[in-house]
Every structure is written in C-alpha cells, then in structure tokens.
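Bear in mind the structure is a predicted one, so any value in this text is a computation, not a measurement.
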Amino acid sequence: MPSLPFTQVDAFADEPFTGNPAAVMPLDQWLDDATLQAIAAENNLSETAFTIPTPDDPDADYALRWFTPTVEVKLCGHATLASGHVLIGDRDAIRFRTRHAGVLTVVRAGAGYELSLPAWETQAKPLPDLAAGMGGDVLETRWRDGGYAIFVYRDAAAIRALTPDFAALRPAGDLLLMATAPGDDSDIISRVFVPGGGVDEDPVTGSAHGLLTPYWAARLGKTAISAVQASARGGRLGCTLAGDRVILTGGCRTVIEGRFLL
C-alpha cells in the first residue's frame, strides 16, 4: 500500500499542548490537487503543509503549499515554521518557494526559529457586515485585498470575550478575520477566525502577524512587538518589522511521526 511521511508539529509552542498544530508531509513530486485536498481534509488540522525538493532553484530548497481541510491558502506562517522544523536537518536556515508569497526562510534562533514573512500593509475601510458578525465594540476596521480584515478593539478583555457569529461570517468566503487590541501581558493581543476557509478559530496564526505587525509598529512607535494569540490553546510570538519583512520567532514541538496510508 503506498504511503507518505507524516509529522505533526505544534508551532509557536513554548510548552506542551499549546501553539498551532500542523501536518508536514514531504513529497518527491506533487500529487494532483484533489488528492492533496483530500489528505488535508483527512488530517483535519488547520493546515497541512506539502513540500517537494527544488534542486534546480538557486533561491529555494523546497517548494511549499498549504491546505486547510477545505481550501488551499496563499500564506500560512505556522505550517511554514513547522516545515522548517521538520526539514532543516543540520542546516542553519532553510528556504521555501511559495506560489503567492515568494521565498520564505526559516532560521535557527536558539532553541526555536525565526520565520521571515512579507510585511503586508492594510488600509482603513468600513466593513459593517463583517464587524457585525465579529461582534463586540469594533473601534476600527482595515482591509487588504486578497481577503484580509483587521478589527481593532479597545482592550484585551474585549478580545477574549468575542463570540463571533460564524454562520453569518461563513458566506463571505475564505477571509482571514483578525481581532486585535493592546495586550495586558504583551504589547498586542489577537484572535483569528477563518470560518469561510474551514477553520472557525485558528489557534496561532503566523500569517496574521505579517499584517498585524506593520499596523501595530506604526501605532506603538516601535518595531519589536510581543504578541499573544488568545485562542483556547494560546501562543506567544515575537514580531519584528524589518523593512518590507516581518520576522516572527517561536518554538516547535514534534508530537506525532508516522506514515499516511493512501
């Protein structure tokens, strides 16, 4: 029976049972998209990362794609960090070629890693229907084309109290919905919801901090920011704005290793 390597990693995790689980499945060559999507649905994690080696690419070691249980996504931070953790071996850094976000690099940093993502700016835009679905007292809404929305709240308590109406939000499609505010034991706090992409609440979202970091760096007047994502599992990230890149720091823990039987 054909099988594929399978590793499940908790990314942006500083202790057991925290962070965001991702499946990492290295391939020799791409399977058809329907099979990749079916595997991700079977894994039923927020993301499954698939990689293939790219020996002819001078700028990348692997090509990387990410799937939720229902869709392929354009950018995923935590599954990139997890892929680096699985594949870096004895190297100091590893580079991934992606279809929509260019080359992403994972670098060793002490006991954890640094992940370089593009810094994506957002613009103020009224989003009344989405804000109503998010609930709470939204102070500001921002948007980036491609399906990224930020909802700014007053404080950390407001973020933790949110109970979004997922049934109302789901028909809007595969949008990354980020609720954020100043933190209480960190610079910023957030929660992230992707109900139209098959993930009602994402535990810890690296890609979201590629958008949150430029916003908060301008608002707080500093480029190094401590962040908490206040999901049930929870996670902490270090976020640094470095020109047109965001550098995220975090640890990874391997929790499952095995074979996926096709």
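- Atom-to-atom distance recorded for E114:CD and T240:OG1 is 7.5 Å, nearest 0.5 angstrom.
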- Evaluate side-chain contact (heavy atoms from CB on, under 4.5 Å) for S190 paired with H209, printing each intermediate quantity in order. CA-CA 9 Å; S190 68; H209 290 82; 3.8 Å; yes
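- Applying the 6.0 Å contact sphere to CZ of R99 captures more than 12 heavy atoms from other residues, nucleotides or ligands.
- Within the 3.5 Å criterion, the main-chain N or O of I150 finds no donor-acceptor partner in the side chain of R142.
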- Can D57 and R95 be said to form a salt bridge (Lys or Arg N to Asp or Glu O under 4.0 Å), step by step? CA-CA 10 Å; D57 187 337; R95 304 162 300 167; over 6 Å; no
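- Looking at every heavy atom in both residues, I189 comes nearest to T180 through O-OG1, 2.9 Å.
- Residues D155 and D184 fail the side-chain proximity criterion, which asks for heavy atoms closer than 4.5 Å.
- Interatomic distance, N44 CG to I39 CD1, rounded to the nearest 0.5 Å: 14.0 Å.
- With T98 contributing its side chain and V103 its backbone, the two residues share no donor-acceptor pair below 3.5 Å.
- A 4.5 Å side-chain heavy-atom check between S231 and D202 finds every atom pair outside the cut-off.
- Between atom CH2 of residue W216 and atom CD1 of residue I188 there is a gap of 7.0 Å, rounded to the nearest 0.5 Å.
- No donor-acceptor pair under 3.5 Å is formed between the side chain of Q8 and the backbone N or O of N43.
- Here the NE2-CG distance, from H78 to D10, works out to 9.0 Å after rounding to the nearest 0.5 Å.
- There is a path of hydrophobic side-chain contacts, each under 4.5 Å, that joins V204 to V24.
- For the pair T68 (side chain) and T70 (backbone), a donor-acceptor distance under 3.5 Å is present.
- Taking the six-membered ring where tryptophan is involved, the planes of F193 and F166 are tilted, since the angle between them lies from 30° to 60°.
- With a 4.5 Å cut-off on side-chain heavy atoms, Y215 and E140 count as touching.
- At a threshold of 4.5 Å between non-hydrogen side-chain atoms, the residues S83 and L64 count as touching.
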- Task: Let me see the working for L31 and L4 under side-chain contact (heavy atoms from CB on, under 4.5 Å), right down to the final yes or no.
- Result: CA-CA 11 Å; L31 305 175; L4 302 172; 4.0 Å; yes
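- The minimum heavy-atom distance between P126 and P128, with the atom names listed, is C-CD, 3.4 Å.
- Residues V73 and V194 form no side-chain contact, since every pair of their non-hydrogen atoms from C-beta on lies 4.5 Å or further apart.
- Remark: the backbone N or O of A13 is not paired with any side-chain donor or acceptor of T18 at under 3.5 angstrom.
- Note on ring orientation: taking the six-membered ring where Trp is involved, the planes of W120 and Y148 are perpendicular (angle over 60°, cut-offs 30° and 60°).
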- Item | Full working for side-chain contact (heavy atoms from CB on, under 4.5 Å) between E42 and F260 | CA-CA 10 Å; E42 183 74 14; F260 187 106; 3.9 Å; yes
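- In this structure, L211 is not a member of the same hydrophobic cluster as I159, with clusters built from ILVMFWY side-chain heavy atoms closer than 4.5 Å.
- Between C252 and V9, the closest heavy-atom pair is CB-CG1, 3.8 Å.
- With hydrogens and angles left out, the side-chain atoms of W66 and T80 include a donor and acceptor closer than 3.5 Å.
- The nearest pair of heavy atoms linking D187 to A224 is OD2-O, 4.0 Å.
- Hydrophobic clustering places L75 together with V199 (ILVMFWY residues linked when any side-chain heavy atoms are closer than 4.5 Å, directly or through intermediates).
- Annotation for L162 and R191: closest pair O-NH1, 3.0 Å, computed over non-hydrogen atoms.
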- Task: Go through L27 and L36 one step at a time and tell me if the side-chain contact (heavy atoms from CB on, under 4.5 Å) criterion holds.
- Result: CA-CA 11 Å; L27 309 173; L36 295 177; 4.0 Å; yes
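- Contact check for P182 versus R219: side-chain heavy atoms found under the 4.5 Å cut-off.
- Y153 and L130 fall within the same hydrophobic cluster, defined by Ile, Leu, Val, Met, Phe, Trp and Tyr side-chain heavy atoms under 4.5 Å apart, directly or through other members.
- One hydrophobic cluster, built from ILVMFWY side chains closer than 4.5 Å, holds both Y62 and Y113.
- Two residues are said to be in side-chain contact when any heavy atoms from C-beta on lie closer than 4.5 Å; F12 and N20 fail this criterion.
- Counting only heavy atoms from C-beta outward, the side chains of P195 and L175 never approach each other to under 4.5 Å.
- Between the side chain of R108 and the backbone N or O of R91, at least one donor-acceptor pair lies under 3.5 Å.
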- Message: Show, in sequence, the C-alpha distance, side-chain angles and deciding distance for K74 and D174, and conclude whether the salt bridge (Lys or Arg N to Asp or Glu O under 4.0 Å) test is met.
- Response: CA-CA 11 Å; K74 295 178 181 178; D174 181 21; over 6 Å; no
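- Expressed to the nearest 0.5 Å, how far CG of L81 lies from SG of C76 amounts to 10.0 Å.
- At least one donor-acceptor pair under 3.5 Å links the side chain of T141 to the backbone N or O of K125.
- The two atoms that bring P69 and L45 nearest to each other are CD-O, 3.1 Å, heavy atoms only.
- Crowding of D28 atom CG: a count of heavy atoms from other residues, nucleotides or ligands under 6.0 Å not exceeding 12.
- Judged by distance alone, the side chain of R233 and the main-chain N or O of G19 form a donor-acceptor pair under 3.5 Å.
- Atom CD of Q37 is separated from atom CZ of R65 by 10.0 Å, given to the nearest 0.5 angstrom.
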